[in-house]
Amino acid sequence: MPNFKCKTVNNISLPVDINGVSFKWLCTNNHSSLLYTSFEGESFFLQILPKKDSFLIKSHKDTRISKIGYIQKALLEFKNLFCEDILSEANALKKTRLLKKDLYIEDDIQNFISNISSFDKVFLEIGFGSGRHLLYQAKTNTNTLIVGIEIYTKAIEQVAKLAFSQNLQNVLLLKADARLLFSLLPSNSINKIFLHFPVPWDKQEHRRIISSSFSRDCFRILKKDGIFELRTDSEEYFSFSLNILSSFFKEIKYHKNEDIKIKSKYEDRWLKQEKDIYTVRAVCDEQSPAFKIEDFDINELSFCKDKLNHIAKNFKRIKFKGDDFFLHLQDIFEADDFLVLKLDFGSFDKPQHSFLLLGEKCEFLFRQPFFTKENLAALKELKNILYSL
């Protein structure tokens, strides 16, 4: 990830705008400072970490966006504006074509969810890796939106470059946990779902992406006659998945060593090793009822200056574990008239990472968390903890 190290950070006078980058406000604690930064409609924290006789400047990992060029641009402007004596740098900003590949990347998952109904046909691939299959689908289905979901930024960046170089107009890449996204997508919104060669987690079944809740969500979000397609080299994972999917899908077809037009690099590797490849296609045979997401009114929270001072003074890391959710208050940062709380919460296998601004008016920074059942339970517990501090 882009970063640089310098010997001196001069006095940071805010807010300031320079060459399209906006540095808005700063919050600090004993370990680091967070600088709220915006560029081209995207916001994130730059983190200033004091080291022995130096400072490390980078983006905070939990606010890092997939559009790496935006972070590089912000770091460049921060360096030129506030820093002296650069000691090392890993921020090779290529000014040409800086942002064009980023047109394929959507960091606002809620925006994607809100607008998905505007597309007639949507194919969705989970864990697209090198992008070979995803790009093939985009080239052969030009009137379909091809959505890729990945958790690895490098894969997203690489496939975005390939989509740009091939002038594809129907590719959208999301950095997200597919299980969390699927639990929130509208019913009857997807035509095809591809899951090719997921990690089988032979000794940790609870980490597998296919589960009863995931399969239920797949069935719900698929349109009538929509297809979920799994390909795996693991016979055990194939049998495991087939058993779970059959609880929701009435029509399931499966094949062994099916010859398909496009093969992933993993399939090529397994075929060279003469391993068997298993394919499962489950068809949704009905239309699902509409899906309503619950809400959490953040405006219910409000803290006066004295209460904020009390929270900051008495803050300590708290870990709370409920029956099906958790809440972890990780850190707190102080600004002039508000606090910023770093917290993790939600489902054990689908955690949410958020920053919450505490003041007379409270708000989630960067993006609102998804209000799943587990997240709502955690946020209600958070409310009780904050008022008890």
Side-chain angles (χ1 to χ4, degrees), residues 1-2 39-44 59 61-73 94 97-186 189-199 209 217-218 221 228-229 231 262 264-266 350 353 366-367 370:
M1 283 294 108
F39 180 63
E40 294 290 335
E42 298 280 359
S43 298
F44 46 89
S59 64
K61 64 184 180 69
D62 288 332
T63 71
R64 189 176 296 146
I65 59 175
S66 301
K67 300 171 183 175
I68 302 300
Y70 289 21
I71 297 173
Q72 292 176 307
K73 174 69 172 174
K94 295 181 180 180
R97 289 168 47 177
L98 170 63
L99 307 177
K100 291 181 180 178
K101 68 180 186 302
D102 296 328
L103 296 174
Y104 295 94
I105 302 171
E106 174 61 85
D107 281 298
D108 188 345
I109 305 302
Q110 191 60 58
N111 184 60
F112 168 71
I113 293 172
S114 300
N115 291 303
I116 193 170
S117 60
S118 62
F119 298 97
D120 291 332
K121 292 186 69 176
V122 181
F123 291 0
L124 197 152
E125 181 167 356
I126 304 166
F128 53 79
S130 66
R132 188 186 296 180
H133 177 265
L134 182 142
L135 296 173
Y136 168 80
Q137 291 294 336
K139 285 183 280 191
T140 54
N141 298 277
T142 55
N143 294 322
T144 301
L145 177 66
I146 309 298
V147 180
I149 304 176
E150 257 292 354
I151 59 173
Y152 299 110
T153 300
K154 286 185 178 179
I156 293 173
E157 280 275 294
Q158 182 60 36
V159 174
K161 291 177 183 177
L162 292 172
F164 174 76
S165 67
Q166 297 174 33
N167 196 30
L168 295 172
Q169 305 297 314
N170 59 332
V171 171
L172 186 66
L173 307 177
L174 308 176
K175 184 178 181 180
D177 185 319
R179 296 166 296 184
L180 182 60
L181 177 63
F182 278 31
S183 68
L184 297 160
L185 281 171
S189 57
I190 307 296
N191 297 84
K192 286 187 179 181
I193 300 169
F194 301 101
L195 176 61
H196 288 182
F197 302 99
V199 178
I209 187 168
D217 285 331
C218 282
I221 67 176
F228 172 79
E229 179 179 285
R231 289 175 64 76
I262 184 70
S264 73
K265 66 176 184 179
Y266 294 103
K350 296 177 285 190
H353 311 286
F366 310 111
R367 57 192 61 87
F370 299 122

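All heavy atoms count here, side chains included; hydrogens, waters and symmetry mates do not. In this text, all values refer to a predicted model and were calculated from it rather than measured experimentally.
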Query raised in the report: Once the angle between the rings of F194 and H196 is folded into 0 to 90°, is it parallel (under 30°), tilted (30 to 60°) or perpendicular (over 60°)?
Result: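 F194 vs H196 ring planes: perpendicular.
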Decide yes or no for [X] and [Y]: does some side-chain heavy atom of the first lie under 4.5 Å from some side-chain heavy atom of the second?
X: I68; Y: P2; result: yes
X: E125; Y: I146; result: no
X: T144; Y: F119; result: no
X: I109; Y: L180; result: no
X: I113; Y: L181; result: yes
X: T153; Y: K175; result: yes
X: E157; Y: L173; result: no
X: I149; Y: F182; result: yes

Between [atom1] of [X] and [atom2] of [Y], what distance do you get to the nearest 0.5 Å?
X: I116; Y: I221; atom1: CD1; atom2: CD1; result: 7.5 Å
X: L124; Y: Q137; atom1: CG; atom2: CD; result: 11.5 Å
X: E106; Y: K67; atom1: CD; atom2: NZ; result: 6.0 Å
X: L195; Y: R231; atom1: CG; atom2: CZ; result: 11.5 Å
X: T63; Y: I71; atom1: OG1; atom2: CD1; result: 7.0 Å
X: Q158; Y: F128; atom1: CD; atom2: CZ; result: 10.5 Å

Please check if the side chain of [X] supplies one atom and the backbone of [Y] the other of a donor-acceptor pair under 3.5 Å.
X: Y104; Y: A163; result: yes
X: N191; Y: V122; result: yes
X: Q110; Y: F370; result: no
X: Q169; Y: N167; result: yes

Query - All salt bridge (Lys or Arg N to Asp or Glu O under 4.0 Å) counterparts of R64, not counting sequence neighbours - result: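 For R64, no residue satisfies salt bridge (Lys or Arg N to Asp or Glu O under 4.0 Å) once neighbours in sequence are set aside.
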Minimum heavy-atom distance between [X] and [Y], given as atom pair plus value:
X: V159; Y: G129; value: CG2-O, 3.7 Å
X: S43; Y: I65; value: O-CG2, 4.2 Å
X: L162; Y: S130; value: CD1-O, 3.9 Å
X: S114; Y: S117; value: O-OG, 4.3 Å
X: L168; Y: A138; value: CD1-CB, 4.0 Å

Query raised in the report: Tell me the salt bridge (Lys or Arg N to Asp or Glu O under 4.0 Å) pairs involving residues 109-122, sequence neighbours left out?
Result: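 Listed by first then second residue: nothing to list.
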Report task. Give the intermediate values and the outcome of side-chain contact (heavy atoms from CB on, under 4.5 Å) for residues F123 and L134. Result -> CA-CA 9 Å; F123 291 0; L134 182 142; over 6 Å; no
